[in-house]
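Encoded as C-alpha cells, the structure appears first; notes follow it.
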Number of protein chains: 2
Amino acid sequence: MDERADAQAGGVTIYEVAQRAGVSIATVSRTLRGTGPVAGATREKVLRAVEELRFTPSRAGVSLAEGRHAANGIVFPNLSGPYFAEVLIGYEEVTSELGRSVVILSTKGREPTPRGTDAIRDAVRELAGRVDGLVVFGSTVPGDVVEELVASRLPLVLISHAPMPGAVTLRSENTASARALAHHLLGHGHAEFAFLGAPYATGDDVDLRWQGVREVLGDAVQPVLTAEYTVESGYQAALRLLRGAGRPRAVICSDDEVALGTILAAEELGLSVPHDVAVTGWDDIMAARHARPALTTVRQPMRELGARAARALDALIAGLGVEDAHRTLDTELIVRGSCGPHPPGGH
Amino acid sequence: MDERADAQAGGVTIYEVAQRAGVSIATVSRTLRGTGPVAGATREKVLRAVEELRFTPSRAGVSLAEGRHAANGIVFPNLSGPYFAEVLIGYEEVTSELGRSVVILSTKGREPTPRGTDAIRDAVRELAGRVDGLVVFGSTVPGDVVEELVASRLPLVLISHAPMPGAVTLRSENTASARALAHHLLGHGHAEFAFLGAPYATGDDVDLRWQGVREVLGDAVQPVLTAEYTVESGYQAALRLLRGAGRPRAVICSDDEVALGTILAAEELGLSVPHDVAVTGWDDIMAARHARPALTTVRQPMRELGARAARALDALIAGLGVEDAHRTLDTELIVRGSCGPHPPGGH
DNA sequence: GCCGTGGATGGAAGCGCTTACATGCGGAGG
DNA sequence: CCTCCGCATGTAAGCGCTTCCATCCACGGC
C-alpha cells in the first residue's frame, strides 16, 4: 500500500529498474539471475529498485531470450473421473517442484479427427508451442499427431501407450493383473462372465485387460461394449446385460466407474451383489471403497504414474538419458465384497 | 514421413518460411494471421512453404510482440477430491473454447506463508507472469498476495471469496442452503447436532455453512474440527466424536468427503446410519450417490462455477465490463437416505 | 614505477514475431 | 497521356530479456 500501485499488468521493464538503480540492464539481469559477478553495493541498489518497482521479468521476454518456456504440458481426454485427476495431481506436484509450470489440455469435446484440419491437432500444436515437453495419454490423440510430435523432437512421454521409438512410454500393468483377477473370480466358483467396457483401441489399457481376462476365461467370458467409461454408460450397458437372457454370473468391468454403474443397475433390477451377480472394477478410485458392497478392484498407482511421467519428461528435457524408456508399474488386486463372499478370517 | 523431419523443437522460423516462399516475413505474418491484404498467388506460395517446413510460430515471439499470452491461469489448493477437479473441468472447457491455454497451479504442499519470501507467493507471481488473467480459489492464497494481484491490475476472478473491489468474485450459495438443510434435519425429529469440519477461515464456504446451520440450530449444534476436508480426516474426527459421551443424533458435515468418512466411522463403531446417527454432506460428488446409505447433501454447480469464472475472466481481459461482479450461484438440497427415513411416497 | 590480471560493468547483438510506415505498381479517371 | 489512388509488398523498429565481448579499474608482483 505504501508503494505506488502503478504496476500495470506486465508494465515495468528491466530498463526502468536499471535506470532507477543507475546501472545497465545487463547488471540487473546478472544480479537477478546470479550469473556473473556483481559488487555488493551494486547488488543492493538493484535489489532495492526491483523491490520498489515490484519488477517481475516478462515471461515472454525471458522465454524468447532463453529459448525455453519453463513449462510442461499434459494432454488427457477429460477430467471427469478420478483417474486422470489423480495422475494430474502426481504430475503437477513433481513438475512444479522442478520449477516448471503446467499447461493442461483436455481433448474432450473436440472432434475425433475425420480427416483434415481437426481441432485436436491444432490444440496440441498450440500446446506444443508453449512448453518444453509434453505428456500425452494413450489414445487421446490421433496417431499421426503423435508422430508429428515425435518428428518435431519435442520431449515426449506417453502414458498407457504402446512402446514407441522417439518417446518414453509409461503405463500400469494390465494383462497379468487381469489374469489374477480372473483366477480370483474362478476361485469363487463363478462360471459365466461378461467383460463390460470392451476395448475400443487395440493396445490401450482396457484392451490389455480384456486380453488377460480372455486368456484365463476363454469362451466363458463375453465382451460387452459401453459407450464411455462412466457410471452412466456402465449403468445403461449393465441394465441391458443383466436384463437379458444369458445373465452372467460375474461382471468384470473395465474400470471402477463402469462397475459402480453396474452395481446401480443390479440394484435397480432387484439383483443382489455379489449374491446374484459379482462385480469387479479397476483403478481403485475413492468411490470404490465407499460403494456397498465395496468394490473388488485392481489398484493402479495413478499418482505415481503422473509423478514418474514428470520426472522422465524432465530428464528428457535436460537431455539426460532415461533409464528405462518403456516402463510398466505394478498393480495390486484389492479384494472387497463385490466379487463374492469370503471366509471371515480369510485373506 | 515424406517431409524431412528436420523440425527441431522450435526450429523453423518465419525467416525460413519467407525465404522459401520468396517473400518478406511481413507477408508471411500477414498471410498467417489474416491481417492486411495478400494476393492470391502469394498466399499460395506462403502456405505451401509453411506446410513443407511444418512451421509453427514461436509462442514466445508472438507473445512478446503481441504483448499478451493467450493463456489463463487457475490456482487451487489441490485436486484430490472431485470438487476442484469438477470446477477445473468447467474452466478448462470454456477457456480453451475461447482459444486460450490453461495453466494450473496447486498450492498443496507449499508452505502457508510464515512471513517472508514464501513459496506460494513466488509460484503465484510466476504464474501471473505467464497469463493474461487468473482465477483463484478463496483461501488458497494469502490475503496480501491477492492484494498484490489486484494492485497489478491483472484480470482476476476469485471463487468462494468475499466480494472485493478490483476483482470479480463468484461463489455458490451457502448460508441459506445450510438453513434449509438444518430445517430438514429438524423435520426428522433430530435434536442434538454436530457440525463436522468447523471453519478455518472466516468467510470461506465452510464458515458460511456453519453460520447458516448455527442460525437455525443455535446451541443444539456443536462445531467439531477436522484436520482437512478429506475422507480420512473426516473418519478420524467422526470416530472421536461418535465414540464420545454426548454422541450427536445428526452429523452435518462440511462436505461430502468428510461425510463419507463419518459413515465409515459409524460403521466401524457398529452404529447404523441413519438409524443411530444421521449424516449429511455437501457438494454432491459422485461417491455421495454410491455410498450406502446414499448421502443427503447440498448440490452445488461445480462445473458451472468454473465455466462462469472462465467467461467472466475473458470479459475482464477483453476490457468489457462484467455484468455482475459478485455473483452467487444457487444450490439444491438433495435428500437421500443418510439423513433419516422418509415416507416411501414422499418427496 | 610499470605491466599483468581478474573482477565489475556497459554495449550491443540477437531471440522470433507483429506492425506502422514507406515504396512500388497498375488501372481508372480526366 | 498524365495523375491519383489503392492494393500488394518490403523495411525496419520495436516487444523485454540474456549474454558474449569489450572496456575499465584497482591491485599485486617484478
Side-chain angles (χ1 to χ4, degrees), chain A residues 7-47 49-50 53-71 125-126 128-132 152, chain B residues 7-47 49-50 53-71 125-126 128-132 152:
Chain A
Q8 286 285 344
V12 25
T13 76
I14 199 173
Y15 286 92
E16 306 171 41
V17 175
Q19 181 167 22
R20 177 148 190 154
V23 300
S24 74
I25 61 168
T27 299
V28 175
S29 180
R30 274 188 295 253
T31 303
L32 260 26
R33 332 191 88 216
T35 70
V38 176
T42 309
R43 158 178 303 277
E44 292 302 308
K45 285 189 302 183
V46 170
L47 292 182
V50 165
L53 261 31
R54 295 198 183 305
F55 170 68
T56 310
S58 146
R59 185 64 240 176
V62 175
S63 286
L64 189 53
E66 276 189 324
R68 59 174 221 133
H69 300 278
R125 277 186 183 161
E126 158 72 26
R130 58 169 75 229
V131 297
D132 300 321
S152 77
Chain B
Q8 286 284 343
V12 25
T13 75
I14 198 173
Y15 286 93
E16 306 171 41
V17 176
Q19 181 167 22
R20 177 147 190 154
V23 300
S24 74
I25 60 168
T27 299
V28 175
S29 180
R30 275 188 293 252
T31 304
L32 259 27
R33 333 191 88 217
T35 70
V38 177
T42 309
R43 156 178 306 276
E44 291 302 308
K45 284 189 301 183
V46 170
L47 292 181
V50 165
L53 261 32
R54 294 197 183 306
F55 170 68
T56 310
S58 148
R59 185 62 240 177
V62 175
S63 287
L64 190 52
E66 277 189 324
R68 60 175 221 133
H69 300 278
R125 277 186 183 161
E126 158 72 26
R130 59 168 77 231
V131 298
D132 300 321
S152 76

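We name chains A, B, ... by the order of the sequence lines, and we start the count at 1 in each one.
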Integer-rounded Å distance: C:dG16 P and A:R68 CZ: 16 Å

How is A:T42 classified with respect to the nucleic acid when contacts are heavy atoms under 4.0 Å: base, sugar-phosphate, or nothing? sugar-phosphate

Gap between atoms CD and C1', on A:E16 and D:dC17 respectively (whole Å): 14 Å

Rounding to a whole Å, what distance do you find between B:I25:CD1 and D:dG14:P? 15 Å

Whichever of A:G61 and A:T27 has the more 5' nearest nucleotide on DNA chain D, that residue is A:G61

Taking 4.0 Å as the cut-off, does a side-chain nitrogen or oxygen of B:S58 come that near to OP1 or OP2 on C:dG16? no

Would you mind telling me which of C:dG7, D:dC17, D:dT9 lies closest to the side-chain atoms of A:P37? C:dG7

Could you state the atom-to-atom distance from CD1 of B:I14 to C1' of C:dC15 in whole Å? 14 Å

Report the distance from atom CD of B:E44 to atom C1' of D:dT9, rounded to the nearest whole Å. 17 Å

Just how far, in rounded Å, is P of C:dC15 from OH of B:Y15? 8 Å

Given D:dG10, C:dC17, D:dT18, the nucleotide with the shortest approach to the side chain of B:A65: C:dC17

Among C:dC17, D:dA8, C:dA8, the one nearest any side-chain atom of B:A39 is D:dA8

Please pick, from C:dC17, D:dA12, D:dT9, the nucleotide with the shortest atom-to-atom distance to any side-chain atom of B:A26. D:dA12

Of B:T27, B:V38, B:L47, the one forming a side chain to side chain contact (heavy atoms under 4.5 Å, CB included) with B:L32 is B:L47

Respond yes when some side-chain nitrogen or oxygen of A:R33 is under 4.0 Å from OP1 or OP2 of D:dT19, and no when none is. yes

OP1, OP2 of C:dG16 versus side-chain N and O of B:T13: anything below 4.0 Å? no

From D:dC17, C:dT19, D:dC21, nucleotide with atom closest to A:R30 side chain: D:dC21

Short side-chain N/O contact from B:S29 to OP1 or OP2 of C:dT18, under 4.0 Å: yes

Candidate nucleotides D:dC15, C:dC17, D:dC17, ranked by approach to the side chain of A:F55 - the nearest: D:dC17

Determine yes or no for a side-chain-to-main-chain donor-acceptor pair under 3.5 angstrom, with A:H69 supplying the side chain and A:G129 the backbone. yes

So, are B:E16 and B:R20 salt-bridged, with charged N and O less than 4.0 Å apart? no

Spacing of B:L64 atom CG relative to C:dC17 atom P, expressed in whole Å: 11 Å

Determine whether B:R30 and B:T42 make a side-chain contact, defined as any pair of heavy atoms from C-beta on separated by less than 4.5 Å. no

To the nearest Å, give me how far apart CD (A:E66) and P (D:dT18) are. 7 Å

